[in-house]
Each structure stands twice: as C-alpha cells, then as structure tokens.
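For reference, the structure discussed in these notes is given below.
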Amino acid sequence: MPTITLPDGKAKSFDQPVTGLEVAQSIGSGLAKAALAIKVDGVTRDLSAVIDRDASVAIITAPKAGQAASKEALELIRHSAAHVMAEAIQDVIGRDVLLAYGPPTETGFFYDMFIPEGKKLSSDHFDAINARMAEIIKEDRRFTRYEQRGSEGLARLKSEANKYKVDNAERALGLASSVYRGSKPAFQGEAGGGARDPGSQSLSFYSTGVPGTNWEDLCRGPHVPSTGRIGAARVMSLASAYWHGDETSDRLIRVYGTAFPTQAELDEYLRQKEEAARRDHRVIGRALRLFHIDETVGQGLILWTPRGAVIRKELQSFIGAELKKQGYTEVFTPHIGGLDLYKTSGHFPYYKDSQFAPIVERNALDALAGCGCSCAEMLRRVEGVSARLAAGINERTGAPTIAPDRVIPDEQLIDGFMLRPMNCPHHAKIFASEPHSYRDLPVRLAEFGTVYRWEQSGELNGMTRVRGFTQDDAHLFCTEEQIPGEIQGCLSLVKAIFATLGMKDYRVRVGLRDKDSSKFTGSPESWDKAEAACIAAARSLGVTFSQEPGEAAFYGPKIDFVVKDVIGREWQLGTVQVDYQMGNRFDLSYTGPDNKPHRPVVIHRAPFGSMERFCGVLIEHFAGAFPAWLSPEQVRVLPISEKTIDYAREVASALRAADVRAGVDEGNDRIQAKVKVAADDKVPYMLIVGPRDAESRSVSVRVRGTERDLGAMPLEAFVAAIKAEITERRSELTVRP
RNA sequence: GCCGCUGUAGCUCAGUGGUAGAGCGCACCCUUGGUAAGGGUGAGGUCAUGGGUUCAAAUCCCAUCAGCGGCUCCA
C-alpha cells in the first residue's frame, strides 16, 4: 500500500498500487492532463508505470503555454519523436530498413539505421517523412509498453534478422557478445537501445498504438503517453555514423531530427538555425574580406587579409597592454626547432602523427645514403609521417617494404627540424639561458607564437580548426608557492577580455587528475595543492564551473574556458595549465633562499587560445558587426556627389590624423547605393557629407543599425567622440550628434 | 583519416551528350543625385586536375585534389 512522497514534501497514501497517471489525477485534473511521465525515486518512467511501493514521485509535465519545456520533458518528447520518425521512414522507404540506435540529443534526436542494399534514403524523402510524422502525431496513438521474457524477445528479434537490435537486446540482458568499444556510456533512454538495465531477465518493447497491430520497437523507454503529445517534429539532416562508433564496423545512416511541444517552438528553433547559418564566419569572412584560404598555400592555413589583420592587431594590442600591467616580458622565437628539442620535450616521436613531417637536413640525407640506405628507403623515411611507413610497412597491403634489420628506430631516424607544435620548448630554452634566483621569479615570457599541427583533413573548418595558428601564449616560471597567485592573475586577464568583448555565455572546466591512474607525473602533494589552487581560482570567477577528474594534462591540472557561440556550439578558447614536467625535462632550475637549486613550476596560458579560432568565434559572435575599436573600417565618409569629394577627403584625413580608420566612398553612385554598400560592409559610422555639411564644417552621422542619419555635428566634435569610444574599447556604438 | 554530397567568371549560382550563361562585383561612358542598389557599354571561363567512354563530354565513368555535412580525433 504505497505512500507517495511528492516533491513539496507532502505524502499521499493509496490502498493499492497506483499508476503515475492516477497519482497525478489525485492531485488535480489539470496536472494529469499536462503529465508526460513520472520520476520515481529519481528514475524517469512512463506515466502508466505502476508504483507498488513507497516512493518519492515527481510528475514531469508539458510546459504551460508560453513557457519553455523542462529538459526532461524535451528529452521525453524527442525520444518519442525518434520512434515516430523511424516509423515514418519505414513507411516511406520500407520495413526492411534496420533500426539501430535513436537517442535524444541536446537539440533534438537522431536514429541510426541501416538502409538495405538497393534502397536509398536522401533529403528528397524529407517532405514525405515529415508529412508521415505529422500524420502519426495527429493520430495521437498511445505509446504502449509490454515486456517479453529475455529468451522470447531475443528469439523474436533474431527472427526479424536485425543484428543491431539483437546486439542491443543482448547487451541489455547482460550477455553482450559484442563489446561496446566506445568509451562513452550508452545514451540514456535511447530508442531501440538496451531495453532494460543490463542483467535484466526481460526485454521491453513499445508499440506506437496497439501491440501486434501498430509499429513496434525494442526500447527501454520511457515515453510520452501518446504521439499527440510530441507536438511538432521534423527530420533535419543525414549523416553517416558507424555502428558503436567503430569505423571498422558497419556504416549506418544517422538521421537527425528535432521535436518541440509546439509548432511555434519548432519554428523558432528553425529560425535560430537560419540565423546561425547567416553568421557563419566563413561566409562573413569572405563577404567582409577578413581572411582567405588558398589551396595552393595549403589546407587549414589562414591568410589574414588587410581587414582581418586589423582585427587581429587590435586584439593583440589589447592583450599586450594587459600583459604589460601584469609584469610580462615579451620574447620572439622562430617557428621551427631542432628535432632534439622535441625529443627532450617529448613531442617527438610521441605525438608525431599530429605534427607535420620533420624538415630533413641535407647532411642527414647524406648520412643515410652513406650507410647504404636506398633511395626508396630514404623516401619512405622522409615522407613517412605514418608510423607504419616508418616501420617499413606498406600502408595498403601491410607487407614489409624494408628488411626488418634495416629499419632505423624512430629516435635515430632523422636529423633536422620540426615545425613547432608548441611554443614552450623555445621558452624553456630562454629561461635556461641564464641563471635565476628565487628573487627573479616568476619569470613571465609572452609571445604570439605560431604553431603547426597536422589536423586530420576532415577536421579543418574555416578559422576555427586549422593547421597553423598563433597562440597568445605565455609561460610563467614560478615557485610552487606562487602558483595560486599566478593562476589568479591569468584568470583576471581572461575575465577582462571576455567582459570587454561582451562574451557572457561561458563556463569553466577544471581538469583534475584521475587519482587511480598512473599516467600523471609529479608528487600527489603537489597535485593536491595545484588542483586546490585551480578550483579556488575557478570558483572566484563567479561563473559555472565543473571539476573533471581524469581530464588533466599528464603534466598538471588545467583550467579551460568554454565559450558558447550563437549556434550553440561550444568552443574551448582560453586555457591555463600547470606543468610539473617541463622543469624536469629541460632540467630547469633557480637558486632558492637556501642557496640550493630548485625546480620551477611552469604555467602555460593562452587567454584567447588561438588568434585564428578566437577571431572566427568573434566574427560569429558579432555577426561581422564589430564594435568600433575592432572594426577594420571605423568610419566611411559618403559624399553626396563629386562636388563634396574634397570635403569628404578632408574629413577622412582629420579622422586618420586622430588614428581613426576612415575611408571615403568616391564612387559615382548615388547616396542610396553608397549607404547600402557601407551597411553591407558593417561599417560602424557613416558620415554623409553634402554641400550643407561642407558649408558648416560638420558631418551627418549615420550609426550602423539605424534607419537614417541622426543629424549633423561639428567635425571636431565627431572626431573627439569616436576617439573616446575607440580608446575605451566600448562595446556599443555611442557617438551621437 | 573514414562516409556522403559538391566543384562552371572575383562572388552567388543556372546549364543532363551537340556554339559557355545570368545576377552581383570590376572597367569605361552617361547621370551630380541628401540616406539600404539610377542607366548604358565592355572585359572576364582549359567548366577543379588527370585519365577513360563517345562521331561529339561542363554533362557519363574512374582516379586525384579541394570545399561542405557528419563520424573519429584534438598533447
């Protein structure tokens, strides 16, 4: 005779087992109507689930009109929508489409499926699928759960010849023959996923309607009570995915969709997606001529065009000024370094596969030739980026290409240089170039250092994922006692940057060591202290932060800044990392008060992360409409006709004399066209100058985003006002006549 | 790297086996116009690259390269 405890603490007793719906009804009919599912002792279950024991129960409800749905409600709706989409696809393509996994995601859901040989699923089918989904939702069929004994259920699935479902069921029953290779846990509440918790004796199925008559799927649940509760759903896109995320396994089609309680919310989501696409930094970057990628130069290599270079330069000056205040010193170092340097730092050969191939010295080639190495062998060694090639194995056939006794170990392979993948080895050498007393510490070496990494070609993306990029890097060589203070200094820098740029939506991730793992170097006591310092510093920021055990670098804990852009994607930008390893590897030391040598601890930090990625994110953040201080062209002077071109030039030179970036549109277009072009170029201020303005030595000021000019003001007053706005790096356009 | 889609003028794109197209941009001319495109003329292409099929290929096939969307990865 269960006693149900509700979230507000009230208890209700029932004489007999009750369903979730009955609990809701006993509270109120409105609640029962809005109910989607229940949470029993923290576990989400169907509304029809029977509660036969004392439990705490919460009702998950659809949102009231005008309110946003809870995360749980959205997940239920989307997971249920995954079933509806799968049914719709089977109706459109055929019942022989094999379903695999269909979990909800942050913005919707997907369903992985295998399309049989000879059939095709393409975006051409989307209209038909969407129409069918709408019908199923309109039919408002009940989600009906039923269970079968494990053996029966399994036999049934086997008879349906869907090996993916059989695998799901076997894993659910705890007799998984296939090993889930991915390290990620299985999705919660996935359609078609493990039907119950592993080890269970039975399997659960859901019919969208009447079992045996309507569509069914092996599923753990829970679901909304009926398809009508889904509201609005839509298939979005297709992608490929591998079974279990394993690329040697079957390739499946991943069909993405999304669902919302109401059509209005779905429409709003689609509108946001369009807005996000409109802000794509690759599109805006081309339109505003900010950067260029040329395939002859190379994939993933950014050419900063004059306008983009202005933005980067402004950001660098901004951070440079902050660094000066914090006592940093600037250094310059080359983009390459000897291979031995990276053997010392541990980058080579350990991270060889994500670096550009070494630049081989002529002498080294001669030496190889001198020891009887054939041309073919040398070529393989020189071009051998892959471990297999270097080991003398043909990549395709796997056959040996070089006699095993002729294979040279990695460490002796090549003498030459590497394009640097990180700046720290160079900075370590600068630190080591002279003796240091504890009195000198911390030594803070800063450099906008360009590094090169061999990102996989499929990963490259505009400015945000590239092969050559410039970090706003610095290394702080300090004593262990100085760590907390230095971390605080780094964080205040990052905070200042985000505040100035108006980036409010960010969170902090503190990567800690996994105490059970042996891959972390350094003493546990040092780690504890450094981790405590990172956590304290993160907490002091006053934004959400998470502690993530096991996510530390092997050499020390770290703090990452994750910024959310308008598309809802998260970007890891700034980072602060404590490093206990570098001192050892490079044998760094300082003389302590005891007159003995001590190891410095190194803090790596890069508030922007990389200039390329940061600018890419900024372009999307501002949709190309930068605040005045960052704008490549801050003012454009638009003469009404040729008659006022001279005055327009005069205005521009006055602005340039005051260090304001100003251009003149000297074209013979009419003023309407000039305004349009300047607006398209997102120039913050347009100064319209005609005979009236020339006469009174004033300018008619039109601010970006407004419909007309806001009136005339004296030229000198405008110069002074915009100068102040730029110098203070204001995020809004504030100059007004 | 893997899978799918795409590659035509500086940009955005049309062109499904038979003479290479449009809009924007660019150059020049007319227009001298007060707030989101005034009009005309013209230049500009080895249809990504390399093979193949065909009397004939931008178009069909194969390979390579690059871009896009995913997957996997990111010290």
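Letters go in sequence order (proteins before strands), and every chain restarts at 1. From a predicted model like this one, the values you see are computed outputs, not experimental measurements. No hydrogens, no waters, no symmetry mates; every other heavy atom, side chains included, goes into these values.
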Please determine, for [N], whether a Watson-Crick or G-U wobble partner exists with both distances under 3.5 Å, and give it or none.
N	answer
B/rU41	B/rA27
B/rU59	none
B/rC13	B/rG21
B/rC47	none
B/rA75	none
B/rU35	none
B/rG7	B/rC65
B/rU53	none

Considering only the [atom1] atoms, how many Å lie between [N] and [M], rounded to the nearest integer?
N	M	atom1	value
B/rG17	B/rU53	C1'	12 Å
B/rA37	B/rU46	C1'	35 Å
B/rA56	B/rC60	C1'	13 Å
B/rC2	B/rG45	P	36 Å
B/rG33	B/rU49	C1'	49 Å
B/rU59	B/rC47	P	10 Å

Tell me if the centroids of the rings in A/Tyr685 and A/Phe718 come within less than 6.0 Å of each other. yes

Can you confirm if the aromatic rings of A/Tyr580 and A/Tyr555 lie within a centre distance of less than 6.0 Å? no

Phosphate OP1/OP2 of [N]: any [X] side-chain N/O under 4.0 Å:
X	N	value
A/Tyr452	B/rA75	no
A/Arg670	B/rG33	no
A/Asn461	B/rG69	yes
A/Arg282	B/rC68	yes
A/Ser457	B/rG1	yes
A/Gln299	B/rA66	yes

Checking A/Glu551 against A/Arg509 for the salt bridge (Lys or Arg N to Asp or Glu O under 4.0 Å) test, could you report, in this order, the C-alpha distance in whole Å, the side-chain angles of both residues, the deciding distance, and whether it holds? CA-CA 9 Å; A/Glu551 290 303 306; A/Arg509 253 182 351 212; over 6 Å; no

Nearest to the [X] side chain among [options], which nucleotide is it?
X	options	value
A/Val675	B/rG33, B/rU35, B/rG70	B/rU35
A/Arg286	B/rU35, B/rG34, B/rU12	B/rU12
A/Lys676	B/rA37, B/rU32, B/rG34	B/rA37
A/Arg254	B/rG34, B/rC71, B/rU32	B/rC71
A/Ile640	B/rG34, B/rG38, B/rA75	B/rG34
A/Ser354	B/rA75, B/rU35, B/rA37	B/rA75
A/Gln456	B/rA36, B/rG38, B/rU72	B/rU72

With under 30° as parallel and over 60° as perpendicular, where do the rings of A/Trp454 and A/Phe356 fit, or are they tilted in between? perpendicular

Each nucleotide in nucleotides 39-46 of chain B should get exactly one letter: B, S or -. Can you fill that in based on protein heavy atoms under 4.0 Å? --------

If you take atom types as modelled and just measure distance, does the side chain of [X] reach the base of [N] with a donor-acceptor pair under 3.5 Å?
X	N	result
A/Arg465	B/rC74	yes
A/Asp669	B/rG33	no
A/Arg702	B/rA36	yes
A/Ser700	B/rG34	yes
A/Glu459	B/rC2	no

Do [X] and [Y] sit within salt-bridge range, that is, some charged N less than 4.0 Å from a carboxylate O?
X	Y	answer
A/Arg697	A/Glu650	yes
A/Arg420	A/Glu447	yes
A/Arg254	A/Asp112	yes
A/Glu666	A/Arg649	yes

Mind checking the NE2-NE2 spacing from A/His604 to A/His475? Nearest 0.5 Å is all I need. 5.0 Å

Of A/Arg467 and A/Lys643, the one whose closest RNA chain B nucleotide lies more 5': A/Arg467

5′-ward residue of the pair A/Arg692/A/Gln572 relative to RNA chain B: A/Arg692

Just how far, in rounded Å, is C1' of B/rG10 from CG of A/Asp294? 13 Å

Counting N and O atoms only, with roles assigned by atom type, does the side chain of A/Gln634 sit under 3.5 Å from a partner on the main chain of A/Ala628, one being a donor and the other an acceptor? yes

